[in-house]
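Worksheet for the structure shown next.
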Amino acid sequence: MKLIYFSWVKDRIGMAEEAIDLPDSVKTVADLLAWLPGRGENFANALADPAIIRVAVDQEYATPDTDVTKATEIALFPPVTGG
């Protein structure tokens with residue numbers, strides 16, 4: 001699957017996207033957000049407050065309980081602001 005990072009999430013992680021095989025224990029968005037910080041300090045810094053991270057699974061906004069096991073693309077981004 002492809003993980004895509006946007007805005008300051010991308011800047012803190014240090015890459016825009018990556019192809020990854022998730023471990024069997026990662027079944028939902030919440031699982032993903034709990035697992036990613038363990039991949040390194042850059043991920044831990046970017047995802048220190050998972051409650052503010054927005055996630056889209058296959059280009060649809062996702063909730064913490066959204067299944068990611070069959071996803072082809074998951075995007076992580078900060079809250080969108082505008083004015």
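Counting from 1, the numbers follow the sequence of the chain as shown.
- Residues passing the side-chain contact (heavy atoms from CB on, under 4.5 Å) test with Pro64, sequence neighbours excluded: Ala30.
- Taking OH of Tyr5 as the reference point, atom CG of Asn42 lies at 9.0 Å (rounded to 0.5 Å).
- Contacts classified as salt bridge (charged side-chain N to carboxylate O under 4.0 Å, His left out) and involving residues 4-26 (residues at least two apart or in different chains) are given here: Lys2-Glu17, Glu18-Arg39.
- Checking side-chain atoms of Asp31 against main-chain N and O of Val26 turns up no donor-acceptor pair under 3.5 Å.
- Residues Leu36 and Ile52 share a single hydrophobic cluster, defined by chaining ILVMFWY side chains whose heavy atoms lie under 4.5 Å apart.
- Residues meeting the side-chain contact (heavy atoms from CB on, under 4.5 Å) test with Ala56, sequence neighbours left out: Ala75, Phe77.
- Taking hydrophobic clusters as Ile, Leu, Val, Met, Phe, Trp and Tyr residues chained together by side-chain heavy-atom distances below 4.5 Å, Ile53 does not share a cluster with Phe6.
- Every side chain to side chain donor-acceptor pair (under 3.5 Å) that Thr72 has, sequence neighbours left out, goes to Asp58.
- Between atom CZ of residue Phe43 and atom CG of residue Leu76 there is a gap of 9.5 Å, rounded to the nearest 0.5 Å.
- Ile4 contributes atom CD1, which lies 10.0 Å from atom CD1 of Ile74 (distance to the nearest 0.5 angstrom).
- In this structure, the side-chain contact (heavy atoms from CB on, under 4.5 Å) partners of Thr66, at least two apart in sequence or on a different chain, are Val29, Val57, Ala62, Thr63.
- The minimum heavy-atom distance between Trp8 and Ala46, with the atom names listed, is CZ3-O, 3.5 Å.
- Note on residues 40-55: no pairs pass salt bridge (charged side-chain N to carboxylate O under 4.0 Å, His left out), not counting sequence neighbours.
- Within the structure, the salt bridge (charged side-chain N to carboxylate O under 4.0 Å, His left out) test picks out no pair touching residues 65-74 (sequence neighbours left out).
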side-chain contact (heavy atoms from CB on, under 4.5 Å) between Val68 and Lys27, intermediate numbers included: CA-CA 6 Å; Val68 297; Lys27 298 186 183 317; 5.7 Å; no
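- With sequence neighbours excluded, the residues that form a side-chain contact (heavy atoms from CB on, under 4.5 Å) with Pro50 are Leu33.
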